[in-house]
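Values below: every heavy atom of this structure, side chains too, minus hydrogens, waters and symmetry copies.
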Amino acid sequence: MSYQPHLHVFTDGPAVARGFAEHLVQRLAEHPAGPFFWALSGGSTPKLLFSLLAKEYRERIDWQRIHFFWGDERCVPHDHPESNYGEVRKLLFDHVPVVADQVHAVDTSLEPAAAAAAYAELMQRLLPSNTDGLPSLDLNMLGMGEDGHTASIFPHNMAELMASPAICAVATHPSSGQLRVTMTGPVLNASAEVVFLITGNSKTQRVAQILHREPHAETFPVAHIQPGSGRLHWFLDGAAAAEVGY
Ligand SMILES: O=C(O)[C@H](O)[C@@H](O)[C@H](O)[C@H](O)COP(=O)(O)O
């Protein structure tokens, strides 16, 4: 399998955040007028980006155009410290003029299976479909865990979620057991563009294994995320890219 993302390597995490912010500005400028559908990732990596956007991009981005989604969400209340939505609200939405009705958080007040079904219905209702009838985001921003997971597609549930006919599914974190709602692999790959933000030396080996297409690279979910459009970008800092070698 040839896995060839467009690589963008920056010195450090803040530079990765700025590089992505400029990429976002460029995508919005290229995108025909009208709504722009952007799925956010959770975890710690994007926090620098959200803070930078709030601090320096308030005027440079037409926030009224953007509809926000989440590639995955923890099944906790929105004010819980582990909530991906809660993090973005604190770091970004409270500081820029987003349109509240265009912030599409997973309804974690529902039972997980019901929350996944409701989110799938919302995505089908709001998003354009690709040729396979799957909802297609303009930009799907993703992270990578040390085990090569992305969104909440982990090695243990990869076979199921990379082939799922569903749009969203309930996933269990392998160590904490925390339940999550996640977009499935086919939906991630239905995006017009996927951008990974990967930083830090804890990801160095995994990044190299996947990019060098080492034999067991295919056991990592990230290695299976490449949109049909071919628009796959990896934004890396020097630490994560330290063993990429090209
Ligand atoms: O809800 C989540 O945790 C994320 O969506 C998850 O897929 C994350 O992107 C990776 O685990 C990387 O997380 P870090 O950025 O914290 O390393």
Side-chain angles (χ1 to χ4, degrees), residues 1-24 26-27 38-53 71-72 84 87 139-159 161-163 171 173-176 178 180 182-186 188-189 191-246:
M1 171 189 77
S2 81
Y3 189 80
Q4 283 159 346
H6 303 280
L7 292 187
H8 310 259
V9 182
F10 300 86
T11 48
D12 55 21
V16 167
R18 187 171 302 281
F20 180 87
E22 291 302 320
H23 181 84
L24 175 65
Q26 184 187 348
R27 282 291 179 263
W38 177 20
L40 308 178
S41 59
S44 57
T45 302
K47 290 180 181 177
L48 281 176
L49 168 69
F50 300 142
S51 302
L52 175 70
L53 290 173
D72 72 330
N84 288 336
E87 195 63 33
L139 176 57
N140 208 322
M141 182 177 89
L142 293 169
M144 183 186 77
E146 293 175 29
D147 60 357
H149 83 258
T150 191
S152 286
I153 304 176
F154 297 95
H156 77 277
N157 63 17
M158 180 176 80
L161 294 187
M162 286 310 303
H173 191 282
S175 48
S176 69
Q178 185 185 60
R180 275 96 173 281
T182 186
M183 290 181 191
T184 58
L188 298 182
N189 283 334
S191 305
E193 180 178 58
V194 170
V195 179
F196 280 93
L197 300 188
I198 305 173
T199 62
N201 55 25
S202 69
K203 315 286 176 75
T204 308
Q205 190 187 5
R206 200 68 68 227
V207 163
Q209 286 170 322
I210 293 170
L211 293 183
H212 296 160
R213 296 185 291 285
E214 294 180 11
H216 49 290
E218 300 211 359
T219 64
F220 308 125
V222 164
H224 298 272
I225 303 303
Q226 40 186 351
S229 66
R231 286 171 57 184
L232 173 64
H233 297 259
W234 283 30
F235 282 58
L236 305 170
D237 68 352
E243 294 179 13
V244 170
Y246 56 79

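Here the side chains of Ile210 and Trp234 are in contact, with some heavy-atom distance below 4.5 Å. Put simply, the side chain of Leu7 reaches to within 4.5 Å of the side chain of Leu211, judged on heavy atoms. Residues Met141 and Leu49 have side chains in contact (heavy-atom distance under 4.5 Å, counting atoms from C-beta outward). A heavy-atom distance below 4.5 Å is found between the side chains of Pro14 and Leu48. For the pair Val207/Met144, a side-chain contact is recorded, criterion being any heavy-atom separation below 4.5 Å from C-beta on.
Using a distance-only test at 3.5 Å, with no hydrogens or angles considered, no donor-acceptor pair links the side chain of His149 to the main chain of Pro155. Remark: side-chain polar atoms of Thr150 are paired, donor with acceptor, to backbone N or O of Gly143 under 3.5 angstrom. Although no hydrogens or angles enter the test, the distance criterion places no donor-acceptor pair under 3.5 Å between the side chain of Thr184 and the main chain of Leu161. The backbone N or O of Ser152 sits less than 3.5 Å from a side-chain atom of Asn157, completing a donor-acceptor pair.
Contact record, Gln4 with Arg213: CG-NH1, 4.3 Å, taken as the closest heavy-atom pair. When every heavy atom of Thr204 is checked against every heavy atom of Ala239, the shortest pair comes out as OG1-O, 2.7 Å.
Leu142 CG to Leu232 CG: the interatomic distance, rounded to the nearest 0.5 Å, is 9.5 Å.
Ring geometry for His23 against Phe20 counts as tilted: the plane angle lies between 30° and 60°, on a 0 to 90° scale. Using cut-offs of 30° and 60° for the angle between ring planes, the Phe235 and His8 rings count as parallel.
The side chain to side chain contact (heavy atoms under 4.5 Å, CB included) search around Gln209 returns Gln205, Arg206, Glu214, His216, Phe220, not counting sequence neighbours. Evaluation of the salt bridge (Lys or Arg N to Asp or Glu O under 4.0 Å) rule for Arg27 yields Glu30, Glu193 as partners, not counting sequence neighbours. Listed by chain and number, the residues in a side-chain hydrogen bond (donor to acceptor under 3.5 Å, both in side chains) with Glu243 amount to none (sequence neighbours excluded). When the side-chain hydrogen bond (donor to acceptor under 3.5 Å, both in side chains) test is applied to Ser191, the partners found at least two apart in sequence or on another chain are Asn140. Thr11 pairs by the side-chain hydrogen bond (donor to acceptor under 3.5 Å, both in side chains) definition with nothing, not counting sequence neighbours. Scanning for salt bridge (Lys or Arg N to Asp or Glu O under 4.0 Å) contacts around Asp237 gives an empty result, with sequence neighbours left out.
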**Request:** Evaluate the criterion side-chain contact (heavy atoms from CB on, under 4.5 Å) for residue pair Val16 and Leu197; output intermediate values, then yes/no.
**Result:** CA-CA 7 Å; Val16 167; Leu197 300 188; 4.2 Å; yes

**Prompt:** Taking it one step at a time, do Arg180 and Asn84 satisfy side-chain contact (heavy atoms from CB on, under 4.5 Å)?
**Reply:** CA-CA 11 Å; Arg180 275 96 173 281; Asn84 288 336; over 6 Å; no

**Request:** Check the pair Met162, Asn189 against side-chain contact (heavy atoms from CB on, under 4.5 Å), reporting the backbone distance first and the verdict last.
**Result:** CA-CA 9 Å; Met162 286 310 303; Asn189 283 334; 3.9 Å; yes

